[in-house]
Structures are given as structure tokens and as C-alpha cells.
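Lettering follows sequence order; numbering is per chain, from 1.
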Amino acid sequence: MPALTRWYIKTALAWLVLALIVGVLLGARGIAPLPPVVDRLAPAWLHLVVFGWVAQLIFGVVHWMFPHARQAATGLPERLGWATYGLLNAGLVVRVIAEPFTAALVAAGWGWLLVASALAQLAAGWLFVATTWRRVVAR
Amino acid sequence: MPRLSVWIVRTALAHLGVGVTLGAAILAAKGLPGWRVEPPAGGAAWPWWLLGAHVEVVLVGWLVQFALGVAYWILPRRRIGGRPARGREAWAAAAFGLINVGVLAVVAGGLAADPHAVAMGRVLEALAVAAFAVHAWPRVRPAGSNRAAPAGGRGDAAAAA
């Protein structure tokens, strides 16, 4: 299993654990006194499950199992794969921290972190599409 | 990878690109100073107007469709007419068409606030998955249990010689 795939899968597992912890917090709102920022964690929880866990697991397995493109000897696809991994996870980290605070505290500063997170995740998504597209070929 | 899987997986990738673009627009709009909007109680203001499309394209157009495309490629093939074949390929092709028309209908219906189009789209999506299940059902079997089917591939006949 390639190193990038191992990073993808282990990171996906870590995000899943975190998502489930966030899920516990969201579920405990009615029975425990939790800070208001917890109320704003629902979108982050959803994206931890769908992008942190499911999509990231898919990205890792695709990097491992899909047929390699003929021009793969340059090493560029590998570097783009690492860039995808970095952008996806940096975007998620920033989102998980900034989104609830942006929603709970209408204070300047946090919002620009969300814009940065959006751009990072957008770039990661399209990089994955671009690098995987050439590996999806008929034979 | 069979040609039909290429079509399905590439279409799923296109949905992923569209889905992350819509999601990025929604997330960025949450954070842009002076442009931050909360979900309205009775309507769909920017960028929440895009939320339904984002969810549908990512969950069904990308994730479900990607799984179907990879399953069509990777599930064990059967022996049909003495040769390994996927069988019932028309059902998988129908699933490909139905799921994409369904997602388009749900997205367009959501953006246009047309509940009939959304309902029709969801029916098409359900039919797509049912059609794929008809295709894939005979391919889900224990390892080493090659089944033979008559040339034409409609049945699950007795074990191959």
C-alpha cells in the first residue's frame, strides 16, 4: 500500500473518530450544559463524516487501486496527490475550528478563515478529479 | 476497467467537481464580511439556494454513482456461455442513465422550487439503484462459486462444468 494511501486511510479513521465525538456533543445538547458554540457544530460534523471520512477513504483507495496512467514516471501525479491530501485536510481543520466560531460569534476575522477553507477544499476536490480522470480508462 | 465503468466513474468525478464548487461557494459566503447570511425561515436566500443542489450532487451524483461504477468494474464476473462476463449489462447502463436524469431533476426542481420535479427525480434515483441491484445481484456470491448461465446471460443456471 503506497505511503499516500496509508496517510489518507489513517487520517480518514482519525476524522471518523472526531466526527463521532462531535456527534456525541451534538446529541448531548439537551441533557448537559454545553457552550453555545456546540450548537453550531452540525455542518462541521456532517462534513467530517462525508469528506473527512468517506471521501478521504475513497481518495486513498483510488490512489492505491486504480490503474496508473502511462505518464506516471514523472512523479507529478504523486506530488499532486500529496497536494490534494494537504489541501483537503488543511481545509477541514480550518473549517472545523472557524465555522462554529464564525456562526456563534459575529466577529470579524474568523470569516476569512472560512473563505480560505472553502478555497482549499475546492482545490483539493478539483485536483482529485483532474488526477483521477486520466486513470479512469477502458481496456 | 470496462467502458461503462469509465462513463459512470468519470460522471461521478464531474459531480464531485460541481459538488465541491457549490459547497465552497456556500462556505465562503458564510465567512465573507457583509455577505454572511443565515438560512431563512421561509425562503432560500443566497447562498442557501444552492444547498439542496450541493447535497444531492455530492451524496447521489458523486458518492452513490462512484460506488456503482466501481462495483460494476470490480464485482466478480460470472461464466456466461463459457466465458467470464458481467451479464445483465443493460440494467447497469439503465442505472447510469436513470441516476443522472434523477439527480438533474432533483437539482433543477430544487433550484426552481418545483416539488414535482424533485419527487420525480427521487423516483428515478430509486429506480436507478433498483436497476443496478438487478444487474449486480447474481455477481455477489461466494468465492470460487462460478455459476454458468446460458449465452445471453439472463439466468443463473447450474454450476459450470
>> Ignoring hydrogens, what is the shortest heavy-atom contact between A/Ala118 and B/Ala24? Give both atom names and the distance.
In response: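 Heavy atoms of A/Ala118 and B/Ala24 come nearest at CB-O, 3.4 Å.
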>> Given heavy-atom pairs under 4.5 angstrom as the criterion, report whether the side chain, backbone, both or neither of A/Leu46 touches chain B.
In response: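 Nothing of A/Leu46, per the 4.5 Å heavy-atom cut-off to chain B.
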>> A side-chain contact here means heavy atoms from C-beta on lying under 4.5 Å apart; do B/Arg10 and A/Val137 qualify?
In response: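 With C-beta onward as the side chain, the pair touches.
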>> Do B/Leu27 and A/Leu122 have side chains that approach each other closer than 4.5 Å (heavy atoms only, starting at C-beta)?
In response: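 Contact flag for B/Leu27/A/Leu122 side chains = no.
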> Parallel under 30°, tilted from 30 to 60°, perpendicular over 60°: which one fits the rings of A/Phe128 and B/Trp62?
Replying inline: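 Because their plane-to-plane angle is over 60°, the rings of A/Phe128 and B/Trp62 count as perpendicular.
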> Angle class for the B/Trp73/A/Phe66 ring planes (parallel below 30°, perpendicular above 60°, tilted otherwise)?
Replying inline: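 Perpendicular: the ring planes of B/Trp73 and A/Phe66 meet at over 60°.
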> So which of A/Ile58, A/Leu119, A/Leu114 has the largest heavy-atom pair count under 4.5 angstrom toward chain B?
Replying inline: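 Ranked by heavy-atom pairs under 4.5 Å with chain B, first place is A/Leu114.
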> Which of the residues B/Ile26, B/Val70, B/Val20 is involved in the greatest number of heavy-atom pairs with chain A at under 4.5 angstrom?
Replying inline: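 Heavy-atom pairs under 4.5 Å are most numerous for B/Val20.
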> Which atoms of B/Val18 come close to chain A, meaning under 4.5 Å heavy atom to heavy atom: side chain ones, backbone ones, both, or neither?
Replying inline: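 Looking at B/Val18, just its backbone touches chain A.
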> Which bit of B/Leu59 comes within less than 4.5 Å of chain A, counting heavy atoms only: side chain, backbone, both or neither?
Replying inline: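 Side chain only.
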> With sequence neighbours left out, which residue pairs that include part of residues 99-123 of chain B fulfil the salt bridge (Lys or Arg N to Asp or Glu O under 4.0 Å) condition?
Replying inline: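 For residues 99-123 of chain B: B/Glu56-B/Arg122, B/Arg122-B/Glu125.
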> Under a single-linkage rule joining Ile, Leu, Val, Met, Phe, Trp and Tyr whose side-chain heavy atoms are separated by less than 4.5 Å, which residues share a cluster with A/Ile31?
Replying inline: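 Answer for A/Ile31: none, a lone residue.
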